[in-house]
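Every chain is numbered from 1 and lettered A, B, ... according to where its sequence line falls, protein lines coming before strand lines.
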Amino acid sequence: MTLPDGSERRFAAPLTGAELAAAIGPGLAKAAVAIKLDGRPRDLATVIDRDAATAVVTLNQPEGLEILRHDAAHVMAEAVKELYPETQVTFGPATETGFYYDFARATPFTPEDLERIEGRMREIVGRDEPIAREEWERDKAAAFFESIGETYKAEWIKEIPADEAISLYRQGDFVDLCAGPHLPSTGRLGQAFKLMSVAGAYWRGDAKNAQLQRIHGTAWATQKELDQYLFRLEEAERRDHRKIGPQLDLFHLGEEAVGSIFWHPKGWTLFRTVEAYMRARLDRAGYQEVKGPQLLDRSLWEATGHWDNFRDNMFIAQSRDDRVLAVKPMNCPGHVLIFGNRLRSYRELPMRLAEFGSCHRNEPSGALHGIMRVRGFTQDDAHIFCTEQQITEESIAFCRLLLGIYKDFGFADVGIKFATRPEQSIGSDAIWAHAEQSLQNAVKAAGLDYTLAPGEGAFYGPKLEFHLRDALGRDWQCGTLQLDFNMPERLGATYVGEDGGRHVPVMLHRAILGSMERFIGILIEHYAGRFPLWLAPVQAVVATITEEAGPYAAEVAEVCAGAGLRAVVDSGNDTINYKVREHSLARIPLMLVVGKREVESRTVALRRLGGNAQQALALAEAIDTLKIEAAVPSANS
RNA sequence: GCCCCGAUAGCUCAGCGGUAGAGCACCCGCUUCGUAAGCGGUAGGUCGUCUGUUCAAAUCAGACUCGGGGCACCA
């Protein structure tokens, strides 16, 4: 046997995984939950009868935890079958944080049922039932599941490739079709699990199939990890933009405009700050801002292919003379029309047309989520028209711009996915090869790591997806860069090349923030509403201690405004304690407190959010400092 | 769109068949205060909407609307 550290062990006779672990050490034998044979996870009971690369899997490894979670799904299924024998079990895998199992049952599970099931699961763990693997002959297995009324399982067996063994796992009276591996017994699951919710899910993920009931749970190796996970969920809830947004008076959502946002003055200030920053960055990067029409004629959408494929997601309107128009769901057709409005020269390329494009998509009601997924939103969209030779250079420049912008917003951890040609696509092999190569060169030349997402590109071209990681470790896909060899041609956009002939330009679709609304939602959650100074809608509150400081407070606010700081006065009849509390809860970054002393000495007492110290500063000095601190980052550009 | 859960004052929530409650916020007084809630008072709700059951419905049932958790969707 070869062990992970490269050492070798010789055994005279075949032995089980458990025996192997015991031979290495008693501590390992106790911690072992599975083994790996030539890289493949196997049960501890597996008999090793040949030379192999082996490794003992414990709960400290991701594979071990995955096995534990998969086991939790089985234990839950066993509990459900004991409590509700008429239920069919269908499919139950491990997930990132736990597990789920999809059940087919006429009556819905209630929250009380979940409590019962969880209780029974704890009993099953207490029973410590041995878990045993059995290999069955295919037809027998199918007949067996039919006979016990598990028709979904019987159907599933038919899908398993012919060269794969049909394995069943037995624990107590419960038998499940499963590839494994599993823990040696139910007791090893431990008690660090919790059922979270019940939800609908379609059989095999297809909305045309029957809807099953999915029970979600979370499971961890230790109680401590479970507690930490639950705490993270609470933290996410505390940061929820749907709660913080209205609380900080940034926006509200209402029945009168489902899927659209009512931006309040403070929220809109934030929006405009983000927009102004982006506009400045794009201007410097050689983009030209445009504004396309909101409503476009049906014939255009027919030409782009939207009318046939995506009409359900578009808002359709009608003019007085019965022309049918659609509210634009995206900006690219408008940009192609601007490009193609006259014949272009190669000298004009690359042409980068940018737009804070207001788009509407008639999303299914179930897809809506706060300001993150809405029906009316604004893209920081741009389309770069260029030659094939310019693709790499433009892509590199885009990656640099994007990373610099993310950094300014406080996101340093960015993941990149490279999505290649999907099964259904248009364009020749040569063009695809060239397009993929160009994009790949660009990421490499920019010195960036990426993971491959084979077959996940757009039908018209490969794409890069940029995911940023927030303060809670969650990933958000925001930026994208897509190559398109198709739409300019469809809409008849051409340029005259050096050779005097007409050519179709390549189009790069690109966005950095994605949707302004969604990005602001991400910012709210990332910062838990405590925005960096340059983004804070209200940067400073000038608060009086007594009424007589009112005129001076107004003067301080005036000076702030003159310095470009967003400041408001609070000269209300409240104690300073009350004001400090209120403005702290409102996450105002700076408080400039003025009382008798400050009026007389023309100073301010500066208090920063999160601190409890005050700093007495001369007014002019304070403003100079804060002005620098509040500067919009323009970093490395 | 589909499944489950929810909706009581601006906010957070109690009440769960028998005449709508609390705290905070708003408004009005008093207080003029030195860094996370000073004191008092007024006002505020056809209990999401509609239909039904009942002598009686915020409370029970159904439908609808909106919201939440998922699934599907995300050009």
Side-chain angles (χ1 to χ4, degrees), chain A residues 95 100 102-103 105 107-114 196-216 233 237 240 242-243 246-247 249 252-259 301 304-314 328-330 332-333 359 361-370 372-375 377 458-460 463 477 480 482 484 487 509 514-515 518 543-550 571-586 591-598 605-616:
Chain A
T95 64
Y100 65 79
D102 289 344
F103 300 101
R105 179 174 182 243
T107 38
F109 289 113
T110 63
E112 293 71 41
D113 291 335
L114 257 57
M196 305 299 285
S197 63
V198 58
Y202 300 105
W203 169 238
R204 308 182 67 123
D206 190 333
K208 288 193 280 288
N209 290 339
Q211 190 155 40
L212 308 169
Q213 297 185 62
R214 175 170 298 179
I215 302 181
H216 284 269
L233 286 187
E237 215 177 300
D240 195 324
R242 292 167 301 184
K243 198 172 173 174
Q247 219 170 51
D249 200 18
H252 83 266
L253 302 165
E255 293 188 28
E256 305 84 353
V258 173
W301 302 113
T304 58
H306 287 88
W307 195 259
D308 289 335
N309 297 312
F310 308 108
R311 202 187 328 167
D312 284 351
N313 289 300
M314 296 199 285
K328 68 173 173 179
M330 53 204 304
C332 29
C359 296
R361 297 180 186 175
N362 198 352
E363 304 281 6
S365 59
L368 304 176
H369 179 87
M372 302 275 206
R373 188 88 184 268
V374 285
R375 291 191 173 134
F377 57 97
F459 69 93
Y460 48 75
K463 64 178 179 184
Q477 198 219 306
T480 180
Q482 305 175 13
D484 185 352
M487 197 182 293
H509 303 246
S515 139
R518 179 163 172 273
T544 56
I545 290 179
T546 59
E547 224 169 297
E548 53 189 1
S571 55
N573 177 18
D574 293 300
T575 61
I576 193 63
N577 285 308
Y578 183 87
K579 292 181 184 178
V580 165
R581 178 179 156 81
E582 285 301 294
H583 302 306
S584 298
L585 290 175
M591 278 192 75
L592 305 176
V593 179
V594 293
K596 207 171 179 181
R597 290 204 296 268
E598 286 75 17
L606 174 63
R607 182 197 169 98
R608 292 170 189 276
L609 180 61
N612 49 13
Q614 306 130 51
Q615 208 182 351

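Of the possible polar contacts, one joining the A:Arg375 side chain to the A:Glu363 backbone as a donor-acceptor pair under 3.5 Å is found.
Applying the 4.0 Å criterion to OP1 and OP2 of B:G69, one finds that A:His369 has a side-chain N or O inside that range. Residue A:Arg242 has a polar side-chain atom (N or O) positioned under 4.0 Å from OP1 or OP2 of B:G68.
What separates CD1 of A:Ile215 from P of B:G70 is a distance of 15 Å, to the nearest Å. Rounded to whole Å, atom C1' of B:C24 lies 12 Å from atom CG of A:Leu585. Straight-line distance from the CD atom of A:Glu255 to the P atom of B:U49: 11 Å, rounded to whole Å. The distance from atom CD1 of A:Ile545 to atom P of B:C33 is 10 Å, rounded to the nearest whole Å. Residue A:Leu368 contributes atom CG, which lies 15 Å from atom P of B:C74 at whole-angstrom precision. In this structure, CE of A:Met330 is placed 13 Å from P of B:C74, rounded to the nearest angstrom. When the C1' atom of B:C74 is taken as reference, atom CG of A:Asn313 falls 8 Å away, rounded to whole Å.
Legend: residues meeting side chain to side chain donor-acceptor pair (under 3.5 Å) with A:Asp113, ordered by chain and number and at least two apart, are A:Tyr84, A:Thr110. Take A:Phe310 and apply the side chain to side chain contact (heavy atoms under 4.5 Å, CB included) test, not counting sequence neighbours, and it matches A:His306. Take A:Ala199 and apply the side chain to side chain contact (heavy atoms under 4.5 Å, CB included) test, not counting sequence neighbours, and it matches no residue. Residues passing the side chain to side chain donor-acceptor pair (under 3.5 Å) test with A:Arg361, sequence neighbours excluded: none. Shown here are the side chain to side chain contact (heavy atoms under 4.5 Å, CB included) partners of A:Glu582, two or more places apart in sequence or in another chain: A:Tyr578. Taking A:Asn309 as the reference, nothing meets the side chain to side chain donor-acceptor pair (under 3.5 Å) condition, with sequence neighbours excluded. In this structure A:His216 satisfies the ring pair (Phe, Tyr, Trp, His ring centres under 6.0 Å) test together with A:Tyr100, sequence neighbours excluded. With sequence neighbours excluded, no residue forms a ring pair (Phe, Tyr, Trp, His ring centres under 6.0 Å) with A:Tyr202. A:Thr480 pairs by the side chain to side chain contact (heavy atoms under 4.5 Å, CB included) definition with A:Lys463, A:Gln477, A:Gln482, A:Ala511, not counting sequence neighbours.
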Polar atoms only, N or O, under 3.5 Å: list the protein pairs with nucleotides 6-14 of chain B and their distances.
none

Distances under 3.5 Å only, N/O to N/O: pair up the protein atoms with those of nucleotides 1-5 of chain B.
residue: B:G1; atom: OP2; partner: A:Ser365; partner atom: OG; Å: 2.6
residue: B:G1; atom: N7; partner: A:Gly366; partner atom: N; Å: 3.1
residue: B:G1; atom: N2; partner: A:Tyr202; partner atom: OH; Å: 2.6
residue: B:C2; atom: O2'; partner: A:Gln211; partner atom: OE1; Å: 2.0
residue: B:C2; atom: O2; partner: A:Gln211; partner atom: NE2; Å: 3.0
residue: B:C3; atom: O4'; partner: A:Gln211; partner atom: OE1; Å: 2.6
residue: B:C3; atom: O2; partner: A:Gly200; partner atom: N; Å: 3.0

Check nucleotides 38-41 of chain B for protein N or O atoms closer than 3.5 Å to its own N or O atoms and list the pairs.
residue: B:G38; atom: OP2; partner: A:Thr575; partner atom: OG1; Å: 3.0

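Residue A:Pro329 has its side chain nearest to B:A75 when only B:C71, B:C33, B:A75 are considered.
Salt-bridge formation is detected for the pair A:Asp240/A:Arg242: a Lys NZ or Arg NE/NH1/NH2 atom is positioned less than 4.0 Å from an Asp or Glu carboxylate oxygen.
Residue side chain A:Arg361 does not reach the base of B:C73 through any donor-acceptor N/O pair under 3.5 Å, judged by distance alone.
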